[in-house]
Amino acid sequence: MIASADHLTEMLRGLRLDGVDYSRCQLAAPWGVVYPPTHQAYFHFISRGGCWLKTPAGEWLELADGDAVLLPRGGGHVLASAPEVIASPPCDCRVLEAYGNVFDVEGGGSGAHMLLFTGRMTFNVDLDHPLLRLMPDLMRMSDFIADEPGLPHLLEAMGREVMMDRVGAGGILARLADVLAAAIIRAWVERGCGAAKGWVAAARCPTIGKVLAAIHAHPETDWTVESLAELMGASRSGFAERFAEVVGETPARYVAQVRMHQARQWLARDKLRIAVVAQRLGYESEASFSRAFKRITGLAPSQVRAAGEAAPAAMFASATTAGNSFTHSSATGALPGPSSRAA
């Protein structure tokens, strides 16, 4: 039995998901959709019927009623009515904006119908956060549901909202999707993070975990080996030796990495000026910060700030606003997937 609260859980509390876009898809076999690799997390919930998912590793996984899956690192994958459908001609679809960033999608052939709710989400932390790097390509709700008494109720609520065309259903579905995705991650963490070791073991260590939690909670603090050793309640040399043994790198390097991950968020997402970021992190000059940033990330701060976080193309869009997600005529579009000839 894993403790109900530890320092890894503290770090998880700061991990948030925000929805980018969502689609309620009513599809009839045969159909297939290719989801390309992205910097956002993918979430899928099967409300009615079933389908197949081709994982980022190339394996086919059958999904049934009530299944929910999360791909936390946005790995490319395929959803289809059957594995052999992928190379078939594309199916037409109709896309309507239902609510803000929620779309209604209808399409496919003339076979069995299914109902799918799918979405993309962004994390509020850098993609190089240790916890994100350790997550598996795909997390399935059914792997955790036996020990999570609250999850069936969330799934039932989501299923009802997907099935009914009620006022405000789009907004409720979006929030439920965010909650379910966060619940999947929490369940994975509370069950030991699967086969993940290394950093997870360090974060769960009663002494080192306290230090890691403090570093991640306050990366702008001018941490020193002395101040971290005091936090742990150990001598400077004893702390440095123990930290390197458990975490696998020196305290100074680890702090530098966390600080630069935060800097990358400020530069790319918040568009802060380089001088402001340097000042926030306590550097004496913009030049010294820039040198440290490039040493850790391999990129100049100006490059990261200029590139920013590109606005993601919508998974589905209305026929009047569709971009590169799929081809379309004046009335219909083609679901991405079969036409892409996914391997």
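What you see is a predicted model, and the numbers here were worked out from it, not measured in a lab. We count residues from 1, following the sequence as given.
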Contacts of Ser288 meeting side chain to side chain donor-acceptor pair (under 3.5 Å) (sequence neighbours excluded), chain-then-number -> Ser285
Start with the C-alpha distance between Tyr22 and Phe103, add both sets of side-chain angles, then the distance that settles ring-ring contact (aromatic ring centres under 6.0 Å, His included), and finish with yes or no. CA-CA 6 Å; Tyr22 307 89; Phe103 299 90; 9.9 Å; no
Say whether, by atom type as modelled, one donor and one acceptor occur between the side chain of Asp137 and the main chain of Pro56 under 3.5 angstrom. no
Checklist entry - Does a side-chain heavy-atom distance below 4.5 Å link Arg242 with Cys205? => result yes
- Query: Can you check whether Ala300's main-chain N or O pairs, donor with acceptor, with Gln303's side chain at less than 3.5 Å?
  - Reply: yes
Q: Decide if atom CD of Glu220 counts as having more than 12 heavy atoms of other residues, nucleotides or ligands within a radius under 6.0 Å.
A: yes
* Quick one: does Arg73's side chain have a donor or acceptor within less than 3.5 Å of a partner on Leu132's backbone? -> yes
Open item on the list: Tell me whether the count of non-hydrogen atoms from other residues, nucleotides or ligands lying under 6.0 Å of CZ in Arg273 goes above 12.
Closed with: no
- request: Answer yes or no: is there a donor N or O on one side and an acceptor on the other, between the side chain of Asp67 and the main chain of Ala64, under 3.5 Å?
  value: yes
dist Leu71:CG -> Leu138:CG (nearest 0.5 Å) comes out at 4.5 Å
So ring pair (Phe, Tyr, Trp, His ring centres under 6.0 Å) across residues 260-284, not counting sequence neighbours, yields Tyr283-Phe289
### Query
So do the side chains of Leu228 and Ile215 get within less than 4.5 Å of each other, counting heavy atoms only?
yes
In this structure, CD of Gln40 is separated from OG1 of Thr122 (nearest 0.5 Å) by 7.0 Å
Tell me if a side-chain donor or acceptor on Thr118 pairs with a main-chain N or O of Phe43 at a distance below 3.5 Å. yes
Requested in this report: Report the C-alpha distance between Cys51 and Trp31 in whole Å, list the side-chain angles of each, state the deciding distance to 0.1 Å, and finish with yes or no for side chain to side chain contact (heavy atoms under 4.5 Å, CB included).
Outcome: CA-CA 10 Å; Cys51 67; Trp31 61 270; 3.6 Å; yes
dist Glu226:CD -> Phe239:CZ (nearest 0.5 Å) comes out at 10.0 Å
Donor-acceptor pair, distance only, cut-off 3.5 Å: does the side chain of Trp223 make one with the backbone of Ala256? no
In short, Pro72 meets Met139 closest at the heavy-atom pair CG-CE, 4.3 Å
> Do Leu27 and Ser81 have side chains that get closer than 4.5 Å, going by heavy atoms?
Replying inline: no
- Aromatic plane relationship, Tyr42 with His44 - under 30° parallel, 30 to 60° tilted, over 60° perpendicular: parallel
(Q) Tell me whether Gln257 at atom CD has more than 12 heavy atoms from other residues, nucleotides or ligands lying less than 6.0 Å away. (A) yes
Given the options Thr55, Val34, Leu53, His77 meets side chain to side chain contact (heavy atoms under 4.5 Å, CB included) only with Leu53
- Exam field: side chain Arg259 to backbone Thr221, donor-acceptor pair closer than 3.5 Å: yes
Review point. Would you call the rings of Tyr254 and Phe243 parallel, tilted or perpendicular, where under 30° means parallel and over 60° means perpendicular?
Key: perpendicular
Give the intermediate values and the outcome of side chain to side chain contact (heavy atoms under 4.5 Å, CB included) for residues Asp270 and Gln265.
CA-CA 7 Å; Asp270 302 333; Gln265 287 288 87; 5.6 Å; no
Lys271 side chain to Arg305 main-chain N or O, any donor-acceptor pair under 3.5 Å? yes
